[in-house]
Amino acid sequence: CSVEDSISFLVWAVGGAMIIGGADIEMGLLITFSGYVGQMKGPLDFMSRMVRWYTNCMNSAQRMFEIIDAVPEVKEVPDPVRPETLRGEIELKNVTFGYESHKPILKDISFHVKAGEVFGIVGRSGAGKSTLVNLISRLYDTQEGEVLVDGINVKQYGFRELRRNVAMVSQETYIFMGTVAENIAYARPEASREEIIRAAVQANAHDFICKTPDGYNTYVGEHGYNLSGGERQRIAIARAILNNPRLLILDEATSALDTESEFLIQQALNRLIKGRTTFAIAHRLSTLRGADRLVVIDKHSIAEIGTHNELLEKKGIYYNLVTAQLKMAEGK
């Protein structure tokens, strides 16, 4: 029971005992006193809520000012390179990086990716696959080594020019509060309705969008709570197609989906990757068979690199991963 109920019970218990014991108190006085006690419940609740509100506000304000006062570690150089377009040629030279200086996630990573090449990245969870692609889009800076885009250190590019040419389709797609059309046009708000529809058609999203109550004007809440996982993924692909990037990052883009959704999304991805340098991260290795080359990251460094068939012939880490997944599929 609440504190107010306990106080009310105590008043009636003590008052009743006094009346029964013959004390100089009447029943009306007890009822009046009990009523006054009940009227104190509202102000007492308000005072207790005020303390909680104040505490929550101070904690929120502290976190907010920490973000406002934070100084970004990744900064744009004073006179950055601002190219009109990028070819999409990527080279990593002896790259080492860790979120903590004494705990490197990647050690001495070096490879070269040609413009328009599909490059698969394989490795166990926590090997540093997502960290690797984050370095290419310069969400973090390397501690050692260089990341080169079209032969120029990524640190020399302007943020706008670099990130305008990079698009990511990940497992967890973020849907913003707004209409379907606004979500597709997030990277290019000035895009026409015809361009948005064309991108949705290429992403295999047009059919399900047309079945919604208001079509492209259908309002979707934050995180797309009224959309399925496959539908959110296709909106993300349409968003990437509309942005027309030179560098595409696919981070587990087809995982955790049913067979029909995966087929539609794989069709859309095949259209999206044409003519673009693509980094594809996947635990489901069957989705990487079409990659031009694969790199296997193990123990924070490159263990193997080559085509799908070349890595199978080596019978190393990649071969063991493929074999294990085939056995799991047969067991099902």
Side-chain angles (χ1 to χ4, degrees), residues 87-98 104-137 142 145-149 166 168-171 246-257 259 262-263 265-332:
R87 297 194 315 276
E89 182 183 358
I90 308 295
E91 184 176 4
L92 272 68
K93 292 184 176 180
N94 308 113
V95 168
T96 296
F97 173 80
I105 302 297
L106 300 170
K107 299 178 182 177
D108 198 26
I109 302 293
S110 297
F111 59 77
H112 180 263
V113 181
K114 299 177 183 178
E117 189 175 8
V118 179
F119 195 73
I121 303 175
V122 181
R124 297 180 177 85
S125 297
K129 303 184 296 296
S130 297
T131 301
L132 180 61
V133 294
N134 287 338
L135 292 174
I136 295 171
S137 55
T142 60
E146 292 181 306
V147 177
L148 305 178
V149 177
V166 179
M168 176 179 286
V169 180
S170 62
Q171 178 181 355
R246 299 304 306 157
L247 176 60
L248 179 65
I249 297 171
L250 306 177
D251 192 351
E252 298 290 347
T254 59
S255 64
L257 296 174
T259 305
E262 182 181 357
F263 176 74
I265 289 171
Q266 195 60 54
Q267 277 188 329
L269 290 176
N270 290 338
R271 299 188 191 107
L272 177 59
I273 65 178
K274 288 182 179 179
R276 295 180 173 90
T277 305
T278 303
F279 287 84
I281 301 172
H283 286 295
R284 197 180 300 176
L285 302 181
S286 58
T287 62
L288 296 177
R289 289 182 178 176
D292 296 311
R293 282 188 302 153
L294 297 164
V295 62
V296 180
I297 299 178
D298 187 57
K299 297 180 180 178
H300 312 299
S301 60
I302 293 179
E304 299 173 351
I305 189 168
T307 65
H308 172 76
N309 292 331
E310 288 173 351
L311 295 182
L312 287 179
E313 291 175 1
K314 289 182 179 180
K315 293 190 176 182
I317 297 174
Y318 183 77
Y319 174 83
N320 293 334
L321 290 173
V322 172
T323 304
Q325 289 195 5
L326 289 175
K327 288 181 179 179
M328 287 179 63
E330 292 173 358
K332 292 180 181 180

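Treat the numbers as computed from the prediction; the structure is a model and nothing was measured.
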Could you tabulate the donor-acceptor pairs under 3.5 Å formed by side-chain atoms of residues 316-324, not counting sequence neighbours?
residue, atom, partner, partner atom, Å
Tyr318, OH, His308, ND1, 2.7
Asn320, ND2, Gly316, O, 3.2
Thr323, OG1, Tyr319, O, 2.8

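Atom-to-atom distance recorded for Phe279:CZ and Leu248:CG is 10.5 Å, nearest 0.5 angstrom. Atom CG in Leu247 sits 7.5 Å away from atom OG1 in Thr278 (nearest 0.5 Å). Between atom CG of residue Leu294 and atom CD1 of residue Ile305 there is a gap of 9.0 Å, rounded to the nearest 0.5 Å.
Every side-chain hydrogen bond (donor to acceptor under 3.5 Å, both in side chains) that Glu146 has, sequence neighbours left out, goes to Asn153. Remark: Glu91 engages Lys93, His112, Leu148 in a side chain to side chain contact (heavy atoms under 4.5 Å, CB included) (not counting sequence neighbours). Listed by chain and residue number, Leu86, Asn165 satisfy the side chain to side chain contact (heavy atoms under 4.5 Å, CB included) test with Arg246 (two or more places apart in sequence, or in another chain). Qualifying side-chain hydrogen bond (donor to acceptor under 3.5 Å, both in side chains) partners for Ser137, counting only residues two or more places apart in sequence or in other chains: none. For Lys314, the side chain to side chain contact (heavy atoms under 4.5 Å, CB included) partners at least two apart in sequence or on another chain are Leu311. By the salt bridge (Lys or Arg N to Asp or Glu O under 4.0 Å) test, Arg293 pairs with Glu117, sequence neighbours left out. With sequence neighbours excluded, the residues satisfying side-chain hydrogen bond (donor to acceptor under 3.5 Å, both in side chains) with Thr131 are Tyr99. Applying the side chain to side chain contact (heavy atoms under 4.5 Å, CB included) rule to Ser301 yields no partners; only residues at least two apart in sequence or on another chain are considered. Looking at residues two or more places apart in sequence or on another chain, you find a salt bridge (Lys or Arg N to Asp or Glu O under 4.0 Å) between Glu89 and Arg87.
Considering only heavy atoms from C-beta on, Leu92 comes within 4.5 Å of Leu132 through its side chain. You'll find the side chain of Leu106 reaches within 4.5 Å of the side chain of Leu135, heavy atoms only. Using a 4.5 Å cut-off on side-chain heavy atoms (C-beta onward), Ile90 and Val149 make contact.
Closest approach of Gly120 and Ala291 over heavy atoms only: N-CB, 4.1 Å. Residues Leu272 and Arg276 come closest through the heavy atom pair O-NH1, 2.6 Å. The two residues Met168 and Val133 make their nearest non-hydrogen contact at CE-CG2, 4.3 Å. Across all non-hydrogen atoms, the minimal contact from Thr142 to Val147 is CG2-CG2, 3.8 Å. The heavy-atom pair separating Asp251 from Ser130 by the smallest distance is OD2-OG, 2.9 Å.
In this structure, Lys129 contributes its side chain and Ile297 its backbone to no donor-acceptor pair below 3.5 Å.
Counting only residues at least two apart or in different chains, salt bridge (Lys or Arg N to Asp or Glu O under 4.0 Å) contacts with residues 106-116 are absent.
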Exercise for the section: Take Thr277 and Phe119 through the test side chain to side chain contact (heavy atoms under 4.5 Å, CB included) and record every step on the way to the result. Expected result: CA-CA 8 Å; Thr277 305; Phe119 195 73; over 6 Å; no
